[in-house]
Amino acid sequence: DAKTTQPNSMESNEEEPVHLPCNHSTISGTDYIHWYRQLPSQGPEYVIHGLTSNVNNRMASLAIAEDRKSSTLILHRATLRDAAVYYCILRRVGNDMRFGAGTRLTVKP
Amino acid sequence: DTAVSQTPKYLVTQMGNDKSIKCEQNLGHDTMYWYKQDSKKFLKIMFSYNNKELIINETVPNRFSPKSPDKAHLNLHINSLELGDSAVYFCASSQVGYNEQFFGPGTRLTVL
């Protein structure tokens, strides 16, 4: 399975944008890039996913490199509620999701 | 309305006991999953069920058995509990053809 690499932790100030990087150099053409987050003491929560083009939704934006070997999750304006562990996952349609260690995001007031 | 619910939220039991964790989803999804999150916080998929058929069976001990009485429920039965089974167990559901999985709040299992 293709793997992802994320920084262990990142910090951000409240109301500032956050860019969470993910490297996936062994991604295959059929792998979708998914992002989930897990708030303290809660189950994971879907954030966004994409294949080749950049994606936007109400929660975040996903910027995918042209060669697809890396991607960046963008939170446009971090709030305290965005403090969580963010997981970048590669998944083929119909296959299971394999979570890595993720990035622990701390948001400072 | 809770989309994916699990009971109980906490479960403390002795080694060797048999226990069950229940999961229900009211989203009309046709696929349900069980994940285990250990003390190091790694989430690992254990099982998934699609239309009452097991489609993924990770290399978990056969003491763990998923049971799906209907499309809205996927219960997890654990026999002869061991200390290493202590973890948080999450249920999730999704619709075939869609990418988003919805997770329950988790059940913290502690084996003494």
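Not measured: the values here are computed from a predicted model.
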Engaged part of B:Phe102 at the chain A interface, taking heavy atoms whose separation is under 4.5 Å: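 Contact with chain A: none, neither part.
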Could you look at B:Gln6 and say if it's the side chain, the backbone, both or neither that has a heavy atom under 4.5 Å from chain A?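 For B:Gln6, neither part sits under 4.5 Å from chain A.
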Residues forming a ring pair (Phe, Tyr, Trp, His ring centres under 6.0 Å) with A:His24, sequence neighbours excluded: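 A:His24 satisfies ring pair (Phe, Tyr, Trp, His ring centres under 6.0 Å) with no residue once adjacent residues are dropped.
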Is the distance between the ring centroids of B:Tyr33 and B:Phe103 less than 6.0 Å?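 Here the rings of B:Phe103 and B:Tyr33 have centres that are no less than 6.0 Å from each other.
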Side-chain touch B:Leu109/B:Ser86, heavy atoms, less than 4.5 angstrom: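 A side-chain contact is absent here, since even the closest heavy-atom pair is not under 4.5 Å.
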Electrostatic pair A:Arg77-A:Glu14, nearest N-O below 4.0 angstrom: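 No.
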Pick from A:Gln42, A:Glu45, A:His34 with the largest number of heavy-atom pairs that fall under 4.5 Å of chain B: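 Winner by heavy-atom pair count: A:His34.
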